[in-house]
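Written out below as structure tokens is the structure these notes cover.
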Protein chains: 2
Amino acid sequence: MAVTIIDVAREANVSPSTVSRVIADSPRISEQTKRKVREVMERLAYHPNFQARNLAAKSTKTIGVIMAHSTSLAFQNPFFPEVIRGICTSAHSSHYGIYLSTGGTEEEIYQEVVSMVQGRKVDGIILLYSRMSDRTMNYLKDSGFPFTMVGRPYQYEDEITYIDNDNKKIAHEVVDYLCSLGHEQIAFVGGNLDYVVSSDRLEGYRQALIEAGLSYSDAYFIHDDGFKSKGKSAIHDLMKQEIPPTAIVAHDDLVAYEIIRYLEELSIQVPKDVSIVSFNNHALSAYVKPPLTSVDISIFELGFEATNFLLEMVSNPEAEVKSHFVSTALIERESCRRMK
Amino acid sequence: MAVTIIDVAREANVSPSTVSRVIADSPRISEQTKRKVREVMERLAYHPNFQARNLAAKSTKTIGVIMAHSTSLAFQNPFFPEVIRGICTSAHSSHYGIYLSTGGTEEEIYQEVVSMVQGRKVDGIILLYSRMSDRTMNYLKDSGFPFTMVGRPYQYEDEITYIDNDNKKIAHEVVDYLCSLGHEQIAFVGGNLDYVVSSDRLEGYRQALIEAGLSYSDAYFIHDDGFKSKGKSAIHDLMKQEIPPTAIVAHDDLVAYEIIRYLEELSIQVPKDVSIVSFNNHALSAYVKPPLTSVDISIFELGFEATNFLLEMVSNPEAEVKSHFVSTALIERESCRRMK
DNA sequence: CTGAAAGCGCTTACAG
DNA sequence: CTGAAAGCGCTTACAG
């Protein structure tokens, strides 16, 4: 059996309570006793048992990280490693651990979250996505359990602490950028509208068009479903219209790459014939041909700040609800050209 | 306070022991009692407390997943989400959870692993990497704690259960492929040789050259360090030799993309002037220009099988050491050409 | 088939 | 500054 607090206590000639206090570095224990106990802990290679400590202290020092279900965005792309890195960095510096959801379906994830909070498996939860109407989020909100979202919640925006990019604004800026280059026919290839990030970007695109005196047209919008199932013909149809777009905004760099390939098959060149901008600025976007103009969304920050917020809530249940938009930057490369 | 087993027992007019047995679905409890107790659990929305259960049962039903430290390969690229997906799939179906390492440095990771095993935080551990000489691995091996590696261990190969691709073999095959296209000057841009995956691939490349009657030359090898710090000039030097290579094997698709860009700057075209093959077959490799010929390494399987192996070891400590090479496939696209 | 009791390894009022 | 004792919420021999 592993060495316990009792073994240490006996060996150090103190009580278990004292050993416990030394572990917690309580100020009520003399330096001398601490030294003695620590020496024994070292010698016996004592390590506190987490389960016992958590049970007694009613805290787990771990946070639950919930991924969107596997068929969705989060998994395919480089977003995930980078948020995780942000989360780990913050968690580690506060001596918290990370428990990852494993469920593949929405229902499995919901069940996992319920058992995490009811079973006190974690002290708080980070939702790595934000969807239109999400049972898991609603449960969390109603439970009063500390949680934080990476992504603006669709409802209850001022009751939930979250971190996000200002997606409406950056989509707006992207359109403005294209306008400033002289584009007037601007299409949008969107993501899954079930996710708030996608609908926000679409909304920003729409507003920008209107404010620029251009009008929004369904003919210039390809949604996620359509693109996934028949991307090639969708792009084909888009470009074969009477007045084809001269610029395309893509929801994500991965989508942009795919579009570029389809355009090539149609002998349409980027940026000569059509410009393209997208979001997320993947590591590869600089290497691809043409190097992609894309909005960097500070993924690391998103994870890092979401964790900081959560940890605040955990340590102070009275903490007020807050939210923060992480800064972004349009990285100009070579996929857009100026219309003369 | 949350509802406990005691509340359920009282409400159902049975003893706590009985409730506990119903939770475990013990065959020694009558169906009738089970029904009654379950009805009460449902009604009171009872959820077992993990910490208490784990402490009493001496098992955590969670596995620790240890990532390589952040500055290394694992994080940058799409490998990570995909192994995790494999791990989650296996773990979830066995009702295991996942605890992720958060440490950034080698030392932090080592400390985490020690406290995970000594503190009984997890039932088993998966190491997501394999390095030349790794304190963490040595500790795990000596501790007798169940663990599994994604990657062939450098030492103690027949004492450690692991999953990997047959990296020597696939590198060999890639060279054979290039030879079959008529190439005789084949260069290699490798990964960090501290990782076994990189040294295995280099070794396979070397052997294949020798077996093909070509000779290995340092002038055709660029290692990780050199490529990271001055990739551009390294590629420049490589191609400006008296007899430049007609083909390049790259350690990873991301590296291949970068090489292609440097070649372009030198006005060297792929595959017209030089062919390129790489490993890992990222999602993007089909979209890039030129579409990349790459070896698919079944990342999902790697994670999935590593977890299956681990779970076997956890449930049966007498299980014998095993290892398995997950199958791979050379995906031919358009980055290689036949020499006439 | 079911229950009373001990125990898992800690923490934390309470008392001194 | 330190200790004795109760308790965190379960599981599991042991007994019947």
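Note on naming: letters A, B, ... go to the chains in the order of the sequence lines (proteins, then strands), and numbering restarts at 1 for each one.
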| request: Identify which nucleotide among C/dT2, D/dT2, C/dC8 has an atom closest to any side-chain atom of B/Leu55, counting heavy atoms from C-beta outward. | output: C/dC8
| remark: A/Glu31 CD to D/dC1 P, in whole Å, measures 9 Å
| request: Take the protein atom CZ of B/Phe50 and the nucleotide atom P of C/dC10, then report the distance between them rounded to whole Å. | output: 21 Å
| said: Looking at A/Glu39 and A/Lys36, is there a salt bridge between them, counting it only when a charged N and a carboxylate O are closer than 4.0 Å? | reply: no
| request: Please report, rounded to the nearest Å, how far the P atom of C/dT11 is from the CD1 atom of A/Ile6. | output: 11 Å
| Pairwise distance CD(B/Glu312) to NZ(B/Lys322) - rounded to 0.5 angstrom | 3.5 Å
| Exam field: side chain B/Asn138 to backbone B/Asp134, donor-acceptor pair closer than 3.5 Å | yes
| query | So, B/Tyr162 and B/Glu157: side-chain donor and acceptor under 3.5 Å apart, yes or no? | reply | yes
| said: Please report the distance, rounded to the nearest Å, between CG in A/Asn54 and P in C/dG9. | reply: 14 Å
| message | With the threshold set at under 4.0 Å for non-hydrogen atoms, list the residues of residues 7-27 of chain B touching DNA chain C in residue-number order. | response | B/Val14, B/Ser15, B/Ser17, B/Thr18, B/Arg21, B/Pro27
| said: Over all strands shown, is A/Arg28 touching base, sugar-phosphate only, or nothing at heavy-atom distances under 4.0 angstrom? | reply: base
| query | Given atom CZ of B/Arg53 and atom C1' of C/dG9, what is their separation to the nearest angstrom? | reply | 18 Å
| field | Candidates D/dC10, C/dT2, C/dC10 - which lies nearest the side chain of B/Ser30 | value | C/dT2
| message | What is the distance, to the nearest angstrom, from the CD1 atom on B/Ile5 to the C1' atom on D/dC10? | response | 6 Å
| message | Looking at B/Lys58, I'd like to know whether one of its side-chain N or O atoms comes within less than 4.0 Å of OP1 or OP2 on D/dC10. | response | no
| query | In whole angstroms, how far is the P atom of C/dG9 from the CE atom of A/Met41? | reply | 17 Å
| Distance from A/Tyr96 atom OH to A/Ser59 atom OG, nearest 0.5 Å? | 5.5 Å
| Using 4.0 Å as the upper bound for N to carboxylate O, is an ion pair formed by A/Glu106 and A/Arg131? | yes
| said: In whole Å, measure the gap between the C1' atoms of C/dG16 and C/dT12 for me. | reply: 16 Å
| request: Look at the aromatic rings of B/Tyr99 and A/Tyr99 and report parallel, tilted or perpendicular, splitting at 30° and 60°. | output: perpendicular
| request: Go ahead and name the base partner of C/dA13; Watson-Crick or wobble counts if both distances stay under 3.5 Å, otherwise write none. | output: none
| Rounded to whole angstrom units, what separation is found between the CG atom of B/Asn49 and the P atom of C/dG9? | 17 Å
